[in-house]
Amino acid sequence: MAKKLELKFENQDGKFVTYTLDNPVEPVDAVAVQAAMDEIITQNAFTSSGGNLVAKKSARIVERNVLDIAIV
């Protein structure tokens with residue numbers, strides 16, 4: 001099972017941008033995640049094709065299970 005932390009932001013064009021981090025520390029500290037997202041916006045750490053990030057949208061942990069199917 002692979003877990004990822006998805007951070008979703010809104011950019012200047014009003015579109016949503018998602019950044020994904022592998023293997024987040026658990027349990028997730030919601031206050032720390034919000035502070036990190038605020039700092040990303042404040043420092044203009046990332047940009048997108050729609051311009052700078054201007055607002056936080058959401059954050060979530062995504063867990064993915066993969067089951068390979070044998071093909072003969």
Side-chain angles (χ1 to χ4, degrees):
M1 288 183 278
K3 291 187 179 182
K4 297 179 184 268
L5 172 62
E6 288 186 353
L7 305 176
K8 295 184 180 250
F9 297 89
E10 183 177 350
N11 66 18
Q12 289 174 318
D13 282 351
K15 295 184 180 172
F16 297 110
V17 179
T18 303
Y19 292 99
T20 304
L21 302 161
D22 294 332
N23 304 313
V25 174
E26 293 190 272
V28 174
D29 181 347
V31 174
V33 170
Q34 290 184 48
M37 292 177 78
D38 287 336
E39 193 65 19
I40 288 168
I41 293 169
T42 300
Q43 295 293 323
N44 200 22
F46 301 111
T47 188
S48 69
S49 59
N52 295 333
L53 305 178
V54 295
K56 297 178 290 189
K57 174 63 177 161
S58 65
R60 65 184 183 176
I61 295 287
V62 176
E63 186 172 351
R64 182 175 167 213
N65 295 315
V66 177
L67 176 61
D68 289 326
I69 300 171
I71 305 293
V72 277

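Minimum heavy-atom separation, Val33 to Ala59: CG1-CB, 3.8 Å. The two residues Lys4 and Asp22 have their closest heavy-atom pair at NZ-OD1, 2.6 Å. Closest of all the heavy-atom pairs between Val54 and Gln12 is CG1-CG, 3.6 Å. Pro24 and Ile61 make their closest contact through CG-CD1, 3.5 Å (heavy atoms, listed as atom of the first residue, atom of the second, distance). Shortest non-hydrogen contact noted between Asn11 and Ser48 is ND2-OG, 3.0 Å.
Within the model, atoms CG of Asp29 and CD of Gln34 stand 9.5 Å from one another, a figure rounded to the nearest 0.5 Å. Here OG1 of Thr47 is found 6.5 Å from CG of Leu53. Values are rounded to the nearest 0.5 Å. Atom CG in Asn23 sits 11.0 Å away from atom CG in Leu5 (nearest 0.5 Å). Between the CE atom in Met37 and the OG1 atom in Thr42 there is a gap of 12.0 Å [rounded to 0.5 Å].
Using a 4.0 Å cut-off between charged nitrogen and carboxylate oxygen, Lys57 and Glu10 do not count as a salt-bridge pair.
Lys8 places a side-chain heavy atom less than 4.5 Å from the side chain of Arg60.
Under the 4.5 Å side-chain heavy-atom criterion for grouping Ile, Leu, Val, Met, Phe, Trp and Tyr, Val62 is not connected to Val17 through any hydrophobic cluster.
Note on residues 3-59: pairs passing ring pair (Phe, Tyr, Trp, His ring centres under 6.0 Å), not counting sequence neighbours, are Tyr19-Phe46.
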